[in-house]
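Presented below is the structure to which this report refers.
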Amino acid sequence: MNDQARIAQLRQELHLHNHYYYVENAPRISDREFDELMTELIRLEALHPELADPNSPSVRVGSDLSNAFTQVRHAHPMLSLGNTYNRQEVENFYKRIQSDLQGEDFLISCELKFDGLSISLIYEDGQLIRAVTRGDGVMGDDVTDNVRTIKSIPLQLQGTDYPRQLEIRGEILLPWQSFNALNAQREAQGEPLFANPRNAASGTLKNKNSKVVAERNLDAYLYYIPNGENISDSHYESLQKARSWGFKVSGDMRCVSTLDEVFSFIEHWDTEREILPVATDGIVLKVDSLSQQKRLGNTSKSPRWAIAYKFAAERACTKLLEVTYQVGRTGAITPVANMAPVTLAGTVVKRASLHNENIIRQLDLHLGDMVYVEKAGEIIPQIVGVDTEHRAQKGAEAVRFITHCPDCGTKLVKYEDEAAYYCPNDSGCPTQLKGKIEHFISRDCMNIDSLGPETTDEYFQQGLIHTVADLYKIKVTDIAGADRSREVSARKIVTAIAKSREVGFERVLFALGIRFVGKVVARNIARHFRHIDALRTATLDQLLETEGVGKIIANSIISFFQNERNVELIENLKEAGLQFEIVETEKASDTLAGKSIVVSGTFTHHSREEYKALIEAHGGHNVGSISKKTAFLLAGENMGPAKLEKANSLNIRILSEKEFLEMIGEA
């Protein structure tokens with residue numbers, strides 16, 4: 001057998017063994033035998049790069065290369081489901097279906113509602129060609145490279161009777177076992193824990209390093225086929241067919257014909273879900289017939305033929321031992337309840353976030369209280385009540401919120417309209433300083449991935465870095481060790497720091513850690529002011545013209561630049577070569593020169609961000625709120641009624657998507 005034939009044979013065998021192991025949970029060969037086959041395949045593929053295949057089983061290990069996600073429009077919008085939390089609303093849904101179908105017989109497909117990240121998989125001729133997240137339901141992120149690492153998702157379909165073009169949708173999940181292992185690893189490394197498997201799955205799938213994705217062992221269940229009528233009129237039967245093609249479809253689906261059977265299914269899984277290997281938060285009920293689904297139709301947000309029943313959060317009672325306080329990187333003080341261990345939703349919990357002083361007051365917490373704790377998938381649950389009738393001691397000490405920072409001793413402050421207290425010593429509080437550095441190097445900011453919390457803490461304790469600007473002064477000799485035993489890693493770190501100088505202004509601004517300025521707001525501010533000096537001298541009114549910026553954020557920005565240490569930090573970062581202005585791109589035209597334009601609503605041909613980029617490319621200026629200076633309002637569907645009303649009151653011109661595209665010559 002020649003190498004080409006052997007490669008084809010190995011790929012086919014490994015695809016099958018992946019399916020047996022990860023979908024059917026019935027491996028047919030040992031791990032060692034599997035590894036030997038994979039090693040042989042990787043060796044042969046290295047010898048024959050001309051035979052590369054993006055769907056080879058060898059891609060399951062992922063790549064160290066960074067993935068930049070692009071947005072893709074869904075062929076069919078990914079609608080969200082309407083939620084219900086009680087039996088009466090389920091009954092109302094069932095009776096509405098009866099009424100809308102005018103008494104015609106129908107079946108309900110009862111399914112577990114998996115708590116993960118929605119995904120759309122596209123296959124052509126049995127090969128996976130694209131995987132797209134739900135996004136806003138119209139546009140999603142292309143995460144194909146990362147999805148290829150998920151072993152329960154087939155890269156090549158089995159059999160021969162699958163459609164030439166197939167879209168199937170489902171949920172990407174992080175199993176409990178993988179979730180607990182991941183959080184244990186993060187805790188050991190001093191990194192913040194993921195709140196629940198859903199957040200962990202979402203963060204993992206959006207990781208720009210597919211090798212990291214592969215290491216976290218994501219899973220997937222598929223549950224819907226758009227245009228499934230080409231397979232069967234029965235939603236249930238079409239999924240059973242998909243199972244034969246290699247897809248992981250839940251074996252716990254049931255088709256029922258009565259309301260009593262629906263309630264029986266709900267009651268069964270309200271308790272039995274605790275034994276499942278993945279997180280679930282409810283039941284999905286769907287009319288089984290696809291022709292009936294089509295007749296029932298959709299609202300603008302959700303299908304009329306389906307509904308999600310959400311399980312009530314589990315509750316337990318335990319003793320409050322003490323309240324401790326944590327300092328965040330922005331100086332926010334978070335109270336944490338430390339409790340006697342109690343089992344809740346299958347895990348032992350000892351801590352619960354109390355969020356802020358208002359929650360403590362509302363609960364009237366006293367040390368030694370018996371407290372009620374709820375957990376709806378959260379790993380750090382919350383206290384929702386106190387058993388005051390059985391308060392251990394009538395003279396028990398009430399919980400009082402602290403007045404000074406537990407880290408640096410600075411008197412805490414509270415900002416207008418904010419529930420949280422803050423330590424204002426943002427340039428001297430050790431926890432905040434280290435938090436700012438960790439934020440600065442994170443993936444969404446400067447992406448200095450060779451540094452981690454433990455390493456930055458070590459450098460901080462050594463006095464090597466005090467602010468983020470000190471990172472750019474580090475030399476290999478500073479961190480290689482006296483015996484130069486760490487020279488390789490030192491060079492890697494210094495190289496990664498140097499590369500971060502290429503990061504654009506939008507992310508640099510976010511990396512500065514200005515209080516209340518998140519990633520999206522930082523991007524809007526950078527695009528609005530375009531240069532750090534323009535932002536530094538901006539007035540309150542000018543800041544408020546930026547989309548997403550209210551008075552709290554605007555005042556925080558002004559306060560940030562009034563601090564001489566922050567101004568000095570920016571000057572030091574400028575000298576280090578960081579990007580503090582938007583790099584001008586060649587304009588498409590001056591059609592919109594001098595015009596201030598507001599974009600609102602959802603669109604068919606481009607996303608809102610794409611339209612904002614088009615406005616800038618044609619010389620225009622994006623603003624977030626309507627004023628007399630607004631040239632026109634670009635209005636999509638479902639735009640805010642307040643903006644429409646204000647535009648009409650000021651006689652501001654309102655353009656449709658079609659009219660705007662005609663204006664810039666892209667109709």
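Starting from 1, each residue takes its place in the sequence as its number. Remember, it's a predicted structure, so these values are computed and weren't measured experimentally.
Note on Asp145 versus Arg148: salt bridge recorded, some NZ/NE/NH1/NH2 to OD/OE distance being below 4.0 Å. In this structure, Lys248 pairs ionically with Asp219, as a charged nitrogen and a carboxylate oxygen lie closer than 4.0 Å. Ionic pairing of Glu267 and Arg87 is present here: one or more N-O contacts between side-chain nitrogen and carboxylate oxygen are shorter than 4.0 angstrom.
Distance check: Leu174 CG to Leu117 CG gives 11.5 Å after rounding to the nearest 0.5 Å. The CZ atom of Arg11 sits 6.5 Å away from the OG atom of Ser58 when rounded to the nearest 0.5 Å. For the atom pair Leu218 CG and Ile150 CD1, the distance stands at 4.5 Å (nearest 0.5 Å). A distance of 10.5 Å separates CG in Leu182 from CD in Glu215, rounded to the nearest 0.5 Å. Atom-to-atom distance recorded for Cys110:SG and Asp252:CG is 12.0 Å, nearest 0.5 angstrom. With rounding to the nearest 0.5 angstrom, the CG atom of Asn86 is 10.5 Å from the CD atom of Glu91.
In this view, Phe603 and Tyr611 satisfy the ring pair (Phe, Tyr, Trp, His ring centres under 6.0 Å) rule, not counting sequence neighbours. Partners of Lys499 according to the salt bridge (Lys or Arg N to Asp or Glu O under 4.0 Å) rule, which considers only residues two or more places apart in sequence or in another chain, are Glu502. Every side-chain hydrogen bond (donor to acceptor under 3.5 Å, both in side chains) that Ser120 has, sequence neighbours left out, goes to Glu167. Residues satisfying the side chain to side chain contact (heavy atoms under 4.5 Å, CB included) criterion with Leu451, sequence neighbours excluded, are Ile441, Ile448, Thr455, Thr456, Tyr459, Leu471, Ile493, Ile497. Listed by chain and number, the residues in a side-chain hydrogen bond (donor to acceptor under 3.5 Å, both in side chains) with Ser442 amount to none (sequence neighbours excluded).
Between the side chain of Gln292 and the backbone N or O of Asp105 there is at least one donor-acceptor pair closer than 3.5 Å. In this structure, the side chain of His439 does not engage the main chain of Cys445 through any donor-acceptor pair within 3.5 Å. For Arg96 (side chain) and Arg304 (main-chain N/O), a donor-acceptor pair under 3.5 Å exists by modelled atom type. Asn55 contributes a side-chain N or O that, together with a main-chain N or O of Leu128, makes up a donor-acceptor pair within less than 3.5 Å.
No side-chain N or O of Asp288 forms a donor-acceptor pair with one of Ser109 less than 3.5 Å apart. Between Ser232 and Ser234, the side chains place no donor N or O within less than 3.5 Å of an acceptor N or O (distance only, hydrogens not considered). Gln240 and Arg243 share a donor-acceptor pair across their side chains, judged by distance under 3.5 Å alone. Counted by atom type alone, Thr280 and Arg273 present zero donor-acceptor pairs between their side chains at under 3.5 Å. Counting only N and O atoms by type, the side chains of Thr84 and Glu89 include a donor and acceptor under 3.5 Å apart.
Aromatic ring centres of Tyr309 and Phe265: separated by at least 6.0 Å.
Taking the six-membered ring where the residue is Trp, His235 and Tyr224 present tilted rings, their angle falling between 30° and 60°.
Residue pairs meeting the ring pair (Phe, Tyr, Trp, His ring centres under 6.0 Å) criterion with at least one member in residues 203-223, sequence neighbours excluded: Phe114-Tyr221.
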